Amino acid sequence: MTKETQFPEELGVPRETAHRILADAVVGADDGELFIEQRQSESLLFDNGRLKSASHDIVQGFGLRVVADEAVGYGHSSEISEAALLRAADAASGVKRGYKGKLADKPRGTNARLYSDTSPLEAPGFASKVTLVEEIDAYTRALNPLVKQVTISLAGEIRKVSILRADDSFVGDDQPLVRINVSVMVEKDGRQETGSSGGGGRFAFETIITPNVWQHHAKEALRQALVNLEAIPAPAGEMDVVLGAGWPGILLHEAVGHGLEGDFNRKKTSAFSGLMGKQVASKGVTVIDDGTMPDRRGSVTIDDEGTPSQSTTLIEDGILVGYMQDRQNARLMGVAPTGNGRRQSYAHEPMPRMTNTCMLGGDTNSEEILSSLKNGIYAVAFGGGQVDIVSGKFVFSCTEAYQVSDGKIGAPIKGAMLIGNGPEAMQRVSMIGNDMKLDPGIGTCGKNGQGVPVGVGQPTIRIDRLTVGGTALG
């Protein structure tokens with residue numbers, strides 16, 4: 001179940017006072033809540049043989065929201081006091097301007113608890129973390145004489161959220177989050193290349209700092225750097241592409257996931273608008289957003305409106321069957337919230353956001369998918385990417401990819417960009433592997449200036465006729 005929490009009166013405001021101010025503010029509105037956040041975080045960056053930076057941060061504050069039809073009033077402050085609450089309530093309630101609505105029911109309850117109660121900041125101590133990153137640095141450098149630079153980062157936080165509603169109902173959640181990352185630069189004959197590997201999730205530090213975990217990331221970062229050292233310029237043109245399992249699901253997240261968020265579809269600004277019940281992907285393609293996966297980076301016991309997370313089927317066997325919803329867009333579209341109302345912090349309004357977005361596996365071996373590729377590329381890892389929600393057009397850079405000829409993996413390639421249209425790419429999925437895998441826990445999603453932790457996943461898939469932007473000279 002959600003962790004038993006008390007209203008955080010130690011921050012300066014009794015619950016009765018906060019409830020009175022909120023209840024007065026939402027009279028005549030459709031929805032609203034008081035969201036209080038306490039976040040403690042720490043991070044270390046070890047670079048080029050020394051501790052480059054270390055931080056410990058404590059942030060707290062509240063956001064008070066009033067929702068009237070499509071309009072939202074929002075006031076927030078890092079000062080949690082009666083005076084600050086009154087000022088925020090006065091500003092937020094102004095959005096009503098005579099509007100008379102009916103206050104929505106509170107979110108349903110939950111008995112779920114998706115992650116550890118242990119704060120990542122309790123152990124190990126700072127000195128132990130410094131010793132650890134020094135050990136990782138020495139281990140990685142000893143793996144290969146071509147290693148010239150190693151960068152290691154450790155980050156952890158505990159985010160405590162408290163949500164009070166006008167009916168005096170209250171829910172809270174303590175959300176741990178940790179991440180480790182190792183980056184390596186190698187040099188050979190004057191050529192320098194990099195590789196990176198990392199992981200994390202909603203658990204204590206002990207899970208990611210055991211030797212078998214950090215040694216894996218060190219070896220993987222080095223392997224990727226050495227592959228890139230041998231990479232040749234990428235070809236360009238329209239060709240068939242095989243995407244590897246796991247992290248390549250970031251393309252699905254960007255090219256398809258954002259287009260299935262409720263606000264874009266309510267406003268009819270998504271390439272998927274008006275297509276509910278229509279074939280939007282190849283048969284066999286099933287896409288879900290699941291915030292209930294234990295310990296995953298994108299999971300939340302409750303979202304930032306207090307709605308329990310759930311598994312939502314978005315595309316089923318190629319048919320569009322659902323959108324991701326927060327409370328406001330769900331109400332305006334006449335459907336139920338899906339637990340996807342998320343915000344970066346107390347200073348931000350919630351909106352429909354992804355949690356863990358995945359394509360489910362099929363029944364084909366990955367070896368069979370690769371062997372079917374006569375002339376194309378095999379993309380294993382991605383870096384940055386962007387998508388235009390209205391048109392569905394996307395561009396993604398590959399950080400590890402290979403040429404494939406007659407079903408055989410050939411030379412690694414450098415500088416490959418995948419260019420396409422999300423709905424069209426989903427219609428061109430021709431083979432789906434049986435090796436569905438989740439990413440290692442490294443994703444952060446940006447939308448409207450807000451970033452939230454997310455997860456992705458997919459099996460090996462083949463997409464026919466994608467445009468590849470390359471660096472090879474003709």
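Quantities reported herein were computed from a predicted structural model and do not represent experimental measurements.
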Pairing of [X] and [Y] as salt bridge, 4.0 angstrom limit:
{"X": "Lys267", "Y": "Asp263", "result": "no"}
{"X": "Arg343", "Y": "Glu349", "result": "no"}
{"X": "Asp464", "Y": "Arg428", "result": "no"}
{"X": "Arg39", "Y": "Glu37", "result": "yes"}
{"X": "Arg223", "Y": "Glu400", "result": "yes"}
{"X": "Arg465", "Y": "Glu424", "result": "no"}
{"X": "Arg65", "Y": "Glu33", "result": "yes"}
{"X": "Asp304", "Y": "Arg342", "result": "no"}

Under a plain distance cut-off of 3.5 Å, with no hydrogens placed, do [Y] and [X] share a side-chain donor-acceptor pair?
{"X": "Ser43", "Y": "Ser55", "value": "yes"}
{"X": "Asn356", "Y": "Arg296", "value": "no"}
{"X": "Asp173", "Y": "Gln175", "value": "yes"}
{"X": "His217", "Y": "Glu220", "value": "no"}
{"X": "Asn340", "Y": "Asp289", "value": "yes"}
{"X": "Thr301", "Y": "Tyr115", "value": "yes"}
{"X": "Gln310", "Y": "Thr312", "value": "yes"}
{"X": "Asn181", "Y": "Ser153", "value": "no"}

Output yes when a side-chain donor or acceptor of [X] lies under 3.5 Å from a complementary backbone atom of [Y], and no otherwise.
{"X": "Asp303", "Y": "Gly341", "answer": "yes"}
{"X": "Ser371", "Y": "Glu367", "answer": "yes"}
{"X": "Gln403", "Y": "Ala411", "answer": "no"}
{"X": "Thr131", "Y": "Ala127", "answer": "yes"}

Task: Test log, rule salt bridge (charged side-chain N to carboxylate O under 4.0 Å, His left out), inputs Asp240 and Arg462 - done: CA-CA 7 Å; Asp240 300 334; Arg462 172 173 166 161; 2.9 Å; yes
- [ ] Please examine the side chains of Lys447 and Gln450, heavy atoms only from C-beta on, and report whether any two atoms are closer than 4.5 Å.
- [x]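 SC-SC contact between Gln450 and Lys447 ruled out.
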Open item on the list: Please evaluate residues Tyr323 and Met276 with respect to the criterion side chain to side chain contact (heavy atoms under 4.5 Å, CB included), reporting the C-alpha separation (whole Å), side-chain torsions for both, the decisive distance (0.1 Å), and the verdict.
Closed with: CA-CA 9 Å; Tyr323 297 130; Met276 186 64 70; 3.4 Å; yes
TODO: Test salt bridge (charged side-chain N to carboxylate O under 4.0 Å, His left out) on Asp388 and Lys393 and set out the steps.
DONE: CA-CA 5 Å; Asp388 182 280; Lys393 293 180 180 178; over 6 Å; no
Task: Glu206 atom CD, over 12 foreign heavy atoms within 6.0 Å - done: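 Atom CD in Glu206 is crowded, with more than 12 foreign heavy atoms closer than 6.0 Å.
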